[in-house]
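Okay, here's the structure, questions in a sec.
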Amino acid sequence: MRTVYVNGDYLPETEARISIFDRGFLMADGVYEVTSVLDGKLIDFAGHLARLERSLNELDMKKPAAFDDLLEIHRELVRLNGIADGLVYLQVTRGSDGDRDFVFPDAATTEPTLVLFTQSKPGLADNPAAKKGIRIISIDDIRWGRRDIKTVQLLYPSMGKMMAKKAGCDDAWMVEDGHVTEGTSNNAYIVKGGRIITRHLSNDILHGITRAAVLRFAREAQMEVEERAFTVEEAKSADEAFVTSASAFVMPVVEIDGVPLGTGAPGRVATRLREIYLDESRKAAV
Ligand code: PDD
């Protein structure tokens, strides 16, 4: 059985308890991070911690008391659960003052709730999907306006994955005012004439930690990067496409709304970036 972390305690997952009045449960008043683990080590940990701090600040949520111990807590959970390859999920909510109220509870007396758990994913970096590429559909982006904050409001992304599944595809890209924002749980890219094009950072998308690393490696490898919005039509006529996230790393996209891209197989740029990202981030893992 898994050992999980709840507010200072390491417990068997069946013994972990959270109040039914927790604002994460009642109001999606919480933020999260997902950090991947390869060979027992954490990938891009500093980036995830920095984004967590930013998400908390943007929502005026106080830091959990154990904030400075988060690296140790991640490592201890990886050790206790014998994770070689997998993920660590972390969630902070505004906690509960024992009732339901739209008004935030007094931060001086109400502690945030901190939960972490691991997911074992043997062979995470050798996902066979990376060799075949994934097929995506486009859907309307009807999410709220602060997608840069990594909140636990994941109902629409979850519905988007179901729409993709129903269409016989793997994932969905969300579209607003004719332009792709991002994938349901990843950042979106196209490649045209060797140029990598991905939406610029704003409140409209999550500022992916994998995105930041991949763009840095791409520039270091002398690849051209253009940070701007692109349309679905432009994507359909691209040479290749891919997505990035902590759990998928760099994942080639081979079809958009039924239109195959390039040769219909994973592209050279996506394949190369996946190799570079995995190599470099393994070297920097903690
Ligand atoms: N999702 N955009 C969205 C909407 C996301 O949910 C994610 C991550 C990303 C990629 O961010 P990063 O590279 O920091 O993982 C972009 C995580 C993996 C999840 O919800 O499981």
Side-chain angles (χ1 to χ4, degrees), residues 24 28 30-38 42-55 58 74 85-92 115-121 124-125 127 129-130 134 136 138-164 170-176 179-189 196 198-218 227 229 241-251 253 270 273-274 276-278 280-281 284-285:
V31 298
Y32 76 109
E33 283 296 330
V34 176
T35 303
S36 59
V37 178
L38 292 177
L42 299 157
I43 303 295
D44 281 336
F45 180 78
H48 289 286
L49 190 70
R51 186 172 61 191
L52 173 65
E53 185 165 15
R54 179 179 183 277
S55 293
E58 292 300 308
H74 276 72
D85 294 340
L87 306 170
V88 181
Y89 177 88
L90 170 158
Q91 178 168 326
V92 182
V115 168
L116 290 93
F117 59 82
T118 56
Q119 293 181 291
S120 179
K121 309 256 180 201
L124 181 64
N127 186 344
I134 60 166
I136 59 147
S138 61
I139 61 173
D140 277 347
D141 195 338
I142 60 166
R143 297 173 301 161
W144 78 327
R146 289 305 305 273
R147 304 158 192 160
D148 56 309
I149 309 173
K150 199 164 170 59
T151 74
V152 297
Q153 301 178 81
L154 296 178
L155 181 54
Y156 188 65
S158 182
M159 289 168 71
K161 289 258 198 231
M162 293 310 294
M163 289 184 238
D170 305 292
D171 208 344
W173 280 6
M174 295 177 281
V175 179
E176 188 171 58
H179 293 86
V180 174
T181 51
E182 59 189 330
T184 58
S185 62
N186 42 60
N187 290 116
Y189 307 72
I196 300 164
T198 193
R199 196 180 176 103
H200 53 284
L201 297 180
S202 70
N203 291 352
D204 297 338
I205 61 168
L206 186 73
H207 301 191
I209 301 306
T210 319
R211 177 189 182 281
V214 165
L215 292 188
R216 178 160 45 87
F217 298 140
E227 295 184 63
F242 60 94
V243 296
T244 64
S245 77
S247 48
F249 310 117
V250 178
M251 180 62 69
V253 169
L273 281 175
R274 181 178 174 88
I276 300 177
Y277 177 76
L278 283 170
E280 294 298 323
S281 53

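Every value quoted in this text rests on a predicted model; they were computed, and no experiment measured them. As the structure lists them, so they are numbered: ligands from 1, and atoms in each ligand from 1. Numbering of residues begins at 1 and proceeds along the displayed sequence.
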* Asked: Under 3.5 Å, is there a donor-acceptor pair between the side chain of D140 and the main chain of I142?
  ->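 Looks like no, no N/O pair under 3.5 Å.
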
* Residue contacts for ligand 1, heavy atom to ligand atom, distance under 4.0 Å ->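 For ligand 1, the contacting residues are Y32, V34, H48, R51, R143, K150, E182, G183, T184, S185, N186, N187, L206, G208, I209, T210, T244, S245, A246, S247.
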
* Would you please name every residue forming a ring-ring contact (aromatic ring centres under 6.0 Å, His included) with H74, sequence neighbours left out? =>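 Here the qualifying residues are F45.
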
* Determine whether E182 and L206 make a side-chain contact, defined as any pair of heavy atoms from C-beta on separated by less than 4.5 Å. =>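 Yes, their side chains come closer than 4.5 Å.
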
* To do: Determine the sole option in R199, R211, H207 for which the side-chain contact (heavy atoms from CB on, under 4.5 Å) test with N187 is passed.
  =>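 Of the listed options, the one satisfying the test is R211.
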
* Asked: Aromatic rings F117 and Y89: how do their planes relate, parallel, tilted or perpendicular, breaks at 30° and 60°?
  ->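 Parallel: the ring planes of F117 and Y89 meet at under 30°.
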
* Verify, without hydrogens or angle tests, whether S138 (side chain) and W173 (backbone) share a donor-acceptor contact under 3.5 angstrom. =>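 Pair absent, no side-chain N/O of S138 close to backbone of W173.
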
